[in-house]
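Start at 1 with the first residue, then count along the sequence. Start at 1 and go down the list; that is how both ligands and their atoms are numbered.
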Amino acid sequence: MEKKFIIAIDGPAGAGKSTIAKLVAKKLGIIYIDTGAMYRAITYKCLLSGIDLRFLSEDDYESNSLISDIIEIAKNTEINFYGDSIYVDEKNKDDEIRSSEVTKNVSGVSKIKEVREIMVLLQRDITQKSSALLDGRDIGTVVFPNADYKFFLTAEVSERARRRYNQLLEKGIEVDFDSLVDEIRARDEQDMNRKVSPLKKASDAIEVDSTNMSIQEVVDFITKTVLEGSGRNV
Ligand code: CDP
């Protein structure tokens, strides 16, 4: 494939997007952008500078004066991807952006229109010259509505929680399973119901329910679809 092409993978929290996206991008030899990591990076910086982000889950959050501080942080943060790693202001922050504190607050920060605008510009800029796979919530709907291939990856919430539970356990982090289910539900709820770029399946995306599929099966399905060009939106 010589022509530049874009693959969008969207879906709810913990559906396995990033694991699958990394493997597919590697197989196809294209760059991978984890857009969730970018929203996490801004959330991390806000927490680091001591902003209490809990107000973002309230109904009248837009009137809070802290919003402008968050936007300022988003404007002044440098985000780069080197391979599969994220560098925030030139430092590797792969672990820090996945802390439970960041996870709890990231959907709030992602609601802010100006933060999204800055991230979307960056996402389009990084992928200007080369073929890329991006995963997130709004890639097929907003960032690249004309993406060549669009997938919407889902799985039942209990299965998503189980996968996240095992992932954390592998890292030596033990969490309560039920609170993980609650956290995933709460994040989906916020992501689907926000005003700006809510999480939803693009009408032309191929839905893949991975509840009963292995990682390899999903990777093979997506790679095959792309290589065969059968899902190409031209
Ligand atoms: O935990 P998981 O890997 O499923 O989530 P993530 O992809 O790291 O995304 C973290 C959060 O960032 C999501 O819950 C959304 O609130 C937000 N996000 C977004 O709003 N738009 C994107 N394109 C990607 C992520």
Side-chain angles (χ1 to χ4, degrees), residues 6-22 32-47 53 56-57 61 70 74 79 81 84-86 88 93-124 126-127 132-145 147 150-155 157 159-168 171 173 175 180-202 205 210 215:
I6 297 287
I7 305 173
I9 304 185
D10 291 304
K17 292 184 302 296
S18 52
T19 309
I20 282 152
K22 254 183 232 168
Y32 161 56
I33 306 294
D34 178 349
T35 67
M38 298 169 71
Y39 292 95
R40 286 173 176 274
I42 304 304
T43 308
Y44 164 74
K45 286 242 333 220
C46 290
L47 292 170
L53 294 168
L56 288 164
S57 57
Y61 72 91
I70 299 173
I79 298 176
F81 288 95
D84 289 338
S85 287
I86 187 164
V88 184
K93 296 289 175 192
D94 286 333
D95 292 334
E96 290 84 343
I97 62 155
R98 294 193 172 83
S99 73
S100 72
E101 205 50 27
V102 171
T103 303
K104 256 185 243 150
N105 289 288
V106 62
S107 288
V109 172
S110 307
K111 287 188 210 165
I112 305 170
K113 183 169 131 276
E114 292 83 352
V115 171
R116 303 202 68 82
E117 285 166 356
I118 297 164
M119 295 303 115
V120 170
L121 282 181
L122 190 56
Q123 288 153 19
R124 292 191 183 134
I126 305 174
T127 54
L133 189 163
L134 297 93
D135 80 345
R137 303 292 188 282
D138 59 343
I139 309 302
T141 50
V142 175
V143 187
F144 286 110
K150 296 182 187 179
F151 298 92
F152 194 78
L153 192 60
T154 62
V157 71
E159 176 60 18
R160 290 190 271 133
R162 196 187 61 79
R163 290 177 192 169
R164 186 53 53 97
Y165 182 83
N166 289 339
Q167 226 174 33
L168 291 170
K171 286 190 197 164
I173 307 167
V175 289
L180 210 54
V181 171
D182 291 345
E183 180 258 300
I184 288 179
R185 280 219 173 94
R187 210 138 55 89
D188 284 352
E189 174 88 11
Q190 287 201 64
D191 292 348
M192 288 191 288
N193 295 315
R194 69 181 174 222
K195 270 194 251 158
V196 200
S197 312
L199 163 68
K200 68 165 187 252
K201 178 184 165 299
S210 73
I215 291 171

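- At least one heavy atom of Arg116 lies less than 4.0 angstrom from ligand 1.
- In this structure, Gly14 has a heavy atom closer than 4.0 Å to ligand 1.
- For a threshold of 3.5 Å applied to N or O pairs, the pair formed by Ile139 and ligand 1 contains no separation below that value.
- Shortest contact from atom 17 (C) of ligand 1 to any protein heavy atom: Ser110 OG, 3.2 Å.
- The backbone N or O of Leu56 lies less than 3.5 Å from a partner atom in the side chain of Lys111, making a donor-acceptor pair.
- Of the possible donor and acceptor atoms, none in the side chain of Lys150 sits under 3.5 Å from a partner among the backbone N and O of Thr141.
- The N/O atoms of Tyr39, backbone and side chain alike, include none that comes under 3.5 Å of an N/O atom in ligand 1.
- Side-chain contact of Ser210 with Arg163: a donor-acceptor pair under 3.5 Å is present, judged by distance alone.
- Of all protein heavy atoms, the one lying nearest to atom 14 (O) of ligand 1 is Asp191 OD2, 2.8 Å.
- Ranking protein heavy atoms by distance to atom 1 (O) of ligand 1, first place goes to Arg187 NH2, 2.8 Å.
- What sits closest to atom 23 (N) of ligand 1 on the protein, heavy atoms only, is Asp138 OD1, 2.8 Å.
- Distance from atom 3 (O) of ligand 1 to its nearest protein heavy atom, with residue and atom name: Arg164 NH2, 3.6 Å.
- If you look at Met119 next to ligand 1, there are no close heavy atoms at all, none under 4.0 Å.
- Looking at Arg194 against ligand 1, only its side chain comes within 4.0 Å, counting heavy atoms.
- Taking any N or O of Arg137, backbone or side chain, at least one lies under 3.5 Å from an N or O belonging to ligand 1.
- Of the options Thr43, Val196, Thr35, the smallest heavy-atom separation from atom 24 (C) of ligand 1 is shown by Thr35.
- Around atom 11 (C) of ligand 1, the closest heavy atom drawn from Leu134, Ile184, Val106 belongs to Val106.
- Put simply, the side chain of Lys113 never gets that close to the backbone of Val196: no donor and acceptor are under 3.5 Å apart.
- Remark: Lys93 is not positioned above the aromatic ring of Tyr44, lacking an NZ or CZ atom under 6.0 angstrom from the ring centre and at most 45 degrees off the axis.
- Only side-chain heavy atoms of Arg40 come within less than 4.0 Å of ligand 1; its backbone N, CA, C and O stay farther off.
- Of the N and O atoms on the side chains of Arg187 and Gln190, not one donor lies less than 3.5 Å from an acceptor on the other residue.
- Atom CZ of Arg185 sits in a sparse spot, with 12 or fewer heavy atoms from other residues, nucleotides or ligands closer than 6.0 Å.
- Within a 6.0 Å radius of NZ in Lys201, more than 12 heavy atoms belonging to other residues, nucleotides or ligands are found.
- Remark: the backbone N or O of Ile9 is not paired with any side-chain donor or acceptor of Asp135 at under 3.5 angstrom.
- Surrounding CD1 of Ile173 are more than 12 heavy atoms belonging to other residues, nucleotides or ligands, all under 6.0 Å away.
- Atom 25 (C) of ligand 1 has as its closest protein heavy atom Gly36 CA, 3.4 Å.
- Counting atoms of ligand 1 from 1 in the listed order, those under 4.0 Å from a heavy atom of Ala13 are 4 (O).
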Worked check of side chain to side chain contact (heavy atoms under 4.5 Å, CB included) between Ser18 and Tyr32: CA-CA 9 Å; Ser18 52; Tyr32 161 56; 3.2 Å; yes
